[in-house]
Amino acid sequence: MGRKFFVGGNWKMNGSKKTLGELAASLGKANLPEDTEVVVSPPFIYLSYIRDTLVSKIAVAAQNCYKVPSGAFTGEISPAMIKDCGASWIILGHSERRHVFGESDELIGQKVAHALAEGLGVIACVGEKLDEREAGSTEKVVFAQTRVIADNVKDWSKVVLAYEPVWAIGTGKTASPQQAQEIHEKMRHWLKDNVGKEVADSVRIIYGGSVTAATCRELAGMADVDGFLVGGASLKPEFVHIIRARQKE
Ligand code: PGA
């Protein structure tokens, strides 16, 4: 199938020009595998700076955007502006956008459609909350969120799906490799039934939620885990180990 391993570092609202600049420079010096796609996502205000500091083979992602190119939307940023700063990816539907900032499925769908139309690659996140998992509705939640994304995608080659169980994000409680594989496999199956076999076989489904150097290798060994979206650990030197999760020691 040959899905290229994909590792994203979501720096969230962390760091400073100094610390993030040093992090970007250190990634440039690290020995990174050619067969892995690496993307880092700084806060908006550092997009240009990080693009200029990073080696060109590492791409830059924004953490959010609005759904139209320009206008009277105080405090918002458009995909056109993000591209203008040299970034080529965007994270959309992250659980912090959904649950801290109350973004609806509808808005996330509109953002996905607009970001893709503007030529950005989209890392589209889905995932259930703890009470939803405990109530046995993980699949229902994940499929409903995936449906909204799928309804807004024409070109799947520009999309990476991130399964991020909310209970695992920032909690130190990584999903077990079996838990991740189970949902990734079901998502691929859903894509086969609802979008098509070719998309199901080719789209990368990455896992996010407390991935660390200690947990990444076993997760990376799962058949349907095509990479990671890493929060906390992407700010530390161990991020390089996570990027190398598929490499032999
Ligand atoms: P975490 O964050 O690795 O700190 O759990 C993951 C994410 O939010 O993408």
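Side chains of Leu27 and Phe239 form a contact here, defined as non-hydrogen atoms less than 4.5 Å apart. With a 4.5 Å cut-off on side-chain heavy atoms, Leu32 and Ile58 count as touching. Here the side chains of Tyr46 and Lys17 are in contact, with some heavy-atom distance below 4.5 Å. Counting heavy atoms from C-beta outward, Cys125 and Glu164 have side chains that approach closer than 4.5 Å. Using a 4.5 Å heavy-atom cutoff, the side chains of Glu34 and Lys57 are in contact. In this structure, Lys236 and His241 have side chains that are not in contact, with every pair of non-hydrogen atoms separated by 4.5 Å or more. Within the 4.5 Å cutoff, side-chain heavy atoms of Pro42 are placed close to those of Val60.
Note: Thr174 OG1 to Leu219 CG = 7.0 Å, rounded to the nearest 0.5 Å. Distance check, rounded to the nearest 0.5 Å: OG of Ser95 to CZ of Arg98 gives 8.5 Å. A distance of 13.0 Å separates OG in Ser70 from CD in Glu76, rounded to the nearest 0.5 Å. Note that CD of Gln178 is 12.5 Å distant from CD1 of Ile183, once rounded to the nearest 0.5 Å. Atom CD of Gln110 sits about 4.0 Å away from atom NZ of Lys67, to the nearest 0.5 Å. Atom CG in Leu54 sits 8.5 Å away from atom CG in Leu23 (nearest 0.5 Å).
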request  = Show your working on side-chain contact (heavy atoms from CB on, under 4.5 Å) between Ile91 and Val122 and close with a plain yes or no.
outcome  = CA-CA 6 Å; Ile91 300 170; Val122 172; over 6 Å; no
task = Kindly determine whether Lys186 and Asp193 satisfy salt bridge (charged side-chain N to carboxylate O under 4.0 Å, His left out), including the steps that lead there.
result = CA-CA 10 Å; Lys186 286 180 172 160; Asp193 290 347; over 6 Å; no
request  = Take His94 and Lys12 through the side-chain contact (heavy atoms from CB on, under 4.5 Å) test and state the conclusion after the steps.
outcome  = CA-CA 10 Å; His94 190 277; Lys12 306 192 180 183; 4.1 Å; yes
message = Checking Val166 against His99 for the side-chain contact (heavy atoms from CB on, under 4.5 Å) test, could you report, in this order, the C-alpha distance in whole Å, the side-chain angles of both residues, the deciding distance, and whether it holds?
response = CA-CA 9 Å; Val166 181; His99 304 303; 4.0 Å; yes
Intermediate values then yes/no, side-chain contact (heavy atoms from CB on, under 4.5 Å), Val7 and Glu37 = CA-CA 6 Å; Val7 179; Glu37 191 167 354; over 6 Å; no
request  = In sequence, state the C-alpha distance, the side-chain angles, and the governing distance for Phe6 and Phe228, and then conclude on ring-ring contact (aromatic ring centres under 6.0 Å, His included).
outcome  = CA-CA 6 Å; Phe6 183 105; Phe228 303 115; over 10 Å; no
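Residue Ala61 comes nearest to Ile90 through the heavy atom pair CB-N, 4.2 Å, listed as atom of the first residue, atom of the second, then distance. In plain terms, the two heavy atoms of Asn31 and Arg244 that are nearest each other are O-NH1, 3.0 Å. Between Gly208 and Pro165, the shortest heavy-atom contact is O-CD, 3.4 Å. Closest heavy-atom contact between Asn194 and Arg147: OD1-NH2, 2.8 Å. What you find for Thr53 and Ala25 is that their closest heavy atoms are CG2-N, 4.1 Å. Scanning all heavy atoms of the two residues, the minimum distance from Ile82 to Cys65 falls at CD1-CB, 3.7 Å.
The backbone N or O of Ala200 sits less than 3.5 Å from a side-chain atom of Arg188, completing a donor-acceptor pair. Judged by distance alone, with hydrogens and angles left aside, the side-chain atoms of Thr215 form no donor-acceptor pair with the main-chain N or O of Val211 at under 3.5 Å. In this structure a side-chain-to-backbone donor-acceptor pair under 3.5 Å is missing from Tyr49 to Arg51. With Ser78 contributing its side chain and Pro69 its backbone, the two residues share a donor-acceptor pair below 3.5 Å. A distance-only check finds a donor-acceptor pair linking the side chain of Asn14 to the backbone of Trp11 [under 3.5 Å]. Between the Ser137 side chain and the Glu132 main chain, a donor and an acceptor come within less than 3.5 Å of each other. With hydrogens and angles disregarded, no donor-acceptor distance shorter than 3.5 Å links the side chain of Lys173 to the backbone of Ser210.
When the side chains of ILVMFWY residues are joined at heavy-atom separations under 4.5 Å, either directly or via intervening members, Ile206 and Val112 end up in two distinct hydrophobic clusters. Transitive grouping of hydrophobic side chains (ILVMFWY, heavy atoms separated by less than 4.5 Å) brings Val153 and Tyr163 into a common cluster. By the criterion of side-chain heavy atoms lying less than 4.5 angstrom apart, applied directly or through intervening Ile, Leu, Val, Met, Phe, Trp or Tyr residues, Val203 is not grouped with Leu229; the two fall into different hydrophobic clusters. Leu107 and Phe101 fall into different hydrophobic clusters, where Ile, Leu, Val, Met, Phe, Trp and Tyr residues are linked whenever their side-chain heavy atoms come under 4.5 Å apart, directly or through other members. Residues Val148 and Val160 are members of separate hydrophobic clusters, defined by side-chain heavy-atom contacts under 4.5 angstrom among Ile, Leu, Val, Met, Phe, Trp and Tyr.
No cation-pi contact links Lys111 to Tyr66, judged by a cut-off of 6.0 Å to the six-membered ring centre and 45° from its axis.
With 3.5 Å as the limit, one finds a donor-acceptor pair spanning the side chains of Asp35 and Gln247. Checking Glu128 against Trp167 by side-chain atom types alone, a donor-acceptor pair falls below 3.5 Å.
By the neighbour-count criterion of 12 heavy atoms within 6.0 Å, atom NZ of Lys4 is densely surrounded, having more than that number from other residues, nucleotides or ligands. Residue-environment remark: NE2 (His189) stays at or below the threshold of 12 foreign heavy atoms within 6.0 Å.
Of the candidates Glu182, Arg217, Glu218, Glu218 is the only one forming a side chain to side chain contact (heavy atoms under 4.5 Å, CB included) with Pro177. Applying side chain to side chain contact (heavy atoms under 4.5 Å, CB included) to Leu116 and the options Asn152, Asp155, Val159, Leu92 leaves one that passes, Val159. The only member of Ile242, Val225, Ile243 that meets side chain to side chain contact (heavy atoms under 4.5 Å, CB included) when paired with Cys216 is Ile242.
Ionic pairing of Arg97 and Glu103 is present here: one or more N-O contacts between side-chain nitrogen and carboxylate oxygen are shorter than 4.0 angstrom. Ion pair Asp224/Arg204 not flagged as a salt bridge, since none of the NZ, NE, NH1 or NH2 atoms sits closer than 4.0 Å to an Asp/Glu carboxylate oxygen. Salt bridge Lys192/Asp201: absent, no basic N to carboxylate O contact under 4.0 Å.
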